[in-house]
> 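This is the structure I want to talk about, given as structure tokens.
Computed from heavy atoms alone, side chains included, the values below leave out hydrogens, waters and symmetry copies. Throughout, a chain's letter reflects where its sequence line sits, starting with A, and its residues are numbered from 1.
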2 protein chains.
Amino acid sequence: MQQLADTLKNKQLKVTPQRLAIYNILYNSKEHPTAEIIYQSLQDTHPTMSLATVYKTIDTLKKSNLIVELKTNGDSYRYDADISEHHHGICGSCGEVFDIFTNRLDTLILEVQKDTDFHIDSHHIYFKGTCPMCLPNNSIQH
Amino acid sequence: MQQLADTLKNKQLKVTPQRLAIYNILYNSKEHPTAEIIYQSLQDTHPTMSLATVYKTIDTLKKSNLIVELKTNGDSYRYDADISEHHHGICGSCGEVFDIFTNRLDTLILEVQKDTDFHIDSHHIYFKGTCPMCLPNNSIQH
DNA sequence: TACTTGATGATAACGATTATCGAAAGAAGG
DNA sequence: CCTTCTTTCGATAATCGTTATCATCAAGTA
């Protein structure tokens with residue numbers, strides 16, 4: 001928690017209880033929660049937390065590159081405080097979002113640059129399919 | 001136009017003027033338009049076209065895999081009737097969405113499968129950066 | 001203590017998409 | 001051509017995630 005506070009400070013951000021709580025949830029979760037889920041998770045410990053604060057804090061963290069916004073299948077954005085190079089798999093069965101770590105794409109992205117006039121700064125890669133938990137149940141693939 | 005009508009028929013879809021008009025716009029456009037833009041484009045030739053019809057037709061075409069939905073930067077989805085294997089670049093300067101054709105990723109996706117328990121059916125790859133038109137103006141990259 | 005600035009909380013506003021439902025248009029069979 | 005049946009269309013209301021507004025609060029400073 002102190003480590004997270006330091007990270008915020010290093011980004012010139014005021015360390016408020018709300019920011020720390022939201023960043024902490026994102027940092028210690030593999031669920032890639034939505035703003036609404038973060039809000040719900042904080043009801044116990046921070047009952048006065050406003051949903052607007054969640055959105056504003058997310059925006060702040062996003063602009064400081066402490067979290068990444070994921071455009072997945074659902075109606076809402078999801079967020080990820082793991083900013084290391086990795087990709088995401090979206091399970092068509094349960095809807096969960098999973099981290100996919102691979103180094104096979106890293107150098108190749110540079111290669112793709114050779115095929116286009118577009119100047120590439122970053123990339124967002126989503127895989128759709130079935131997660132390991134749902135695979136046994138869903139033998140039928142769409 | 002007749003070709004598009006046949007494509008709709010082959011997908012067991014009724015060929016209505018509205019569907020043909022919307023599919024035609026998507027098919028003959030490289031702009032990856034939003035529903036609203038499609039609606040605006042049709043005001044001249046189909047003044048009675050309803051925005052709801054645009055959305056419903058998009059949904060129909062989507063379910064028949066005749067178009068692909070793109071989650072880009074803006075507030076709205078964009079759509080692409082080019083269903084061949086290609087990717088998209090989103091220009092951070094002008095906001096346009098560009099096609100990026102490359103075959104460098106094709107086999108690699110299969111390789112990625114080896115690194116994860118997630119069963120991959122499809123992938124969506126977005127590149128963010130600066131388009132050729134904006135590059136000269138924007139020497140400063142974010 | 002007063003002043004300044006930025007963050008928070010409550011809520012209204014916004015905007016893209018979806019749902020609803022009566023009317024219109026096709027398709028199928030006489 | 002006429003029914004009948006089904007699907008699609010158009011107009012509009014409803015939904016819902018996100019943003020904007022604004023008064024209040026908290027932290028830092030003189």
Side-chain angles (χ1 to χ4, degrees), chain A residues 4-5 8-9 11-26 32-64 66-79 95 97, chain B residues 4-6 8-26 32-64 66-79 95 97:
Chain A
L4 297 184
L8 292 175
K9 259 185 221 155
K11 292 283 186 177
Q12 324 286 350
L13 299 177
K14 278 192 186 174
V15 181
T16 68
Q18 291 89 343
R19 284 182 177 171
L20 209 46
I22 292 167
Y23 188 31
N24 183 56
I25 284 205
L26 279 166
H32 312 86
T34 64
E36 180 67 30
I37 290 172
I38 294 170
Y39 174 67
Q40 296 296 341
S41 315
L42 288 169
Q43 285 302 78
D44 280 348
T45 54
H46 296 72
T48 66
M49 172 85 65
S50 167
L51 182 56
T53 300
V54 175
Y55 276 106
K56 276 180 282 200
T57 301
I58 282 172
D59 192 55
T60 302
L61 297 175
K62 213 168 59 181
K63 284 180 175 154
S64 296
L66 291 177
I67 64 175
V68 173
E69 186 174 73
L70 305 181
K71 291 169 180 279
T72 59
N73 258 356
D75 299 320
S76 308
Y77 290 114
R78 289 168 173 270
Y79 298 93
V97 177
Chain B
L4 297 184
D6 290 344
L8 292 174
K9 262 185 218 151
N10 290 341
K11 292 284 186 177
Q12 323 287 348
L13 299 176
K14 282 191 184 171
V15 181
T16 67
Q18 291 86 344
R19 283 181 179 171
L20 208 47
I22 291 167
Y23 189 30
N24 183 54
I25 284 207
L26 280 166
H32 313 86
T34 64
E36 180 67 30
I37 290 171
I38 295 170
Y39 174 67
Q40 296 296 341
S41 315
L42 288 169
Q43 285 301 78
D44 279 348
T45 53
H46 297 72
T48 66
M49 172 85 64
S50 165
L51 183 55
T53 300
V54 176
Y55 275 106
K56 275 181 282 200
T57 301
I58 282 172
D59 192 55
T60 303
L61 297 174
K62 213 169 59 181
K63 283 179 177 156
S64 295
L66 290 177
I67 63 174
V68 172
E69 187 174 74
L70 306 181
K71 291 168 180 277
T72 58
N73 257 356
D75 298 321
S76 309
Y77 291 113
R78 288 167 174 271
Y79 299 92
V97 178

> Measure the shortest side-chain to side-chain distance between B:T72 and B:H32 over non-hydrogen atoms and say whether it is less than 4.5 angstrom.
no

> B:Y23: which residues meet the ring-ring contact (aromatic ring centres under 6.0 Å, His included) condition with it, sequence neighbours left out?
B:Y27

> Could you go step by step and tell me if A:I38 and A:I58 meet the side chain to side chain contact (heavy atoms under 4.5 Å, CB included) rule?
CA-CA 10 Å; A:I38 294 170; A:I58 282 172; 4.1 Å; yes

> Quick one: list whatever passes salt bridge (Lys or Arg N to Asp or Glu O under 4.0 Å) with A:E69, sequence neighbours left out.
A:K62

> Using a heavy-atom distance cut-off of less than 4.0 Å, which residues of residues 16-24 of chain A contact DNA chain C?
A:T16, A:Q18, A:R19

> Determine the contact category for B:T48: base if any of its heavy atoms lies under 4.0 Å from a base atom, sugar-phosphate if only primed atoms, P, OP1 or OP2 are that close, otherwise nothing.
sugar-phosphate

> Do the side chain of B:S50 and the main chain of B:A52 share a donor and acceptor less than 3.5 angstrom apart?
yes

> State, yes or no, whether a side-chain contact exists between B:R19 and B:K14 at a heavy-atom distance under 4.5 Å.
yes

> What verdict does the side chain to side chain contact (heavy atoms under 4.5 Å, CB included) test give for A:T57 and A:L61, after you've listed the backbone C-alpha separation in whole Å, the side-chain angles of each residue and the deciding distance to 0.1 Å?
CA-CA 6 Å; A:T57 301; A:L61 297 175; 4.1 Å; yes

> Mind checking A:S76 for me? I need base, sugar-phosphate or nothing, with any heavy atom below 4.0 Å counting as a touch.
sugar-phosphate

> Between A:K14 and B:V15, which residue's closest nucleotide on DNA chain C lies nearer the 5′ terminus?
A:K14

> Quick one: pull up OG1 in A:T34 and CG in A:L70 and give me the separation to the nearest 0.5 Å.
11.5 Å

> At a heavy-atom distance below 4.0 Å, which nucleotide of DNA chain D is the first touched by chain B, and which is the last?
D:dT7 to D:dT12

> For the side chain of A:K71 and the backbone of B:K71, is there at least one donor-acceptor N/O pair under 3.5 Å apart?
no

> Run the side-chain hydrogen bond (donor to acceptor under 3.5 Å, both in side chains) test against A:K63 and tell me which residues pass, sequence neighbours left out.
A:D59

> Under 4.0 Å from any heavy atom of chain A: name the first and the last nucleotide of DNA chain C that qualifies, 5' to 3'.
C:dG6 to C:dT11

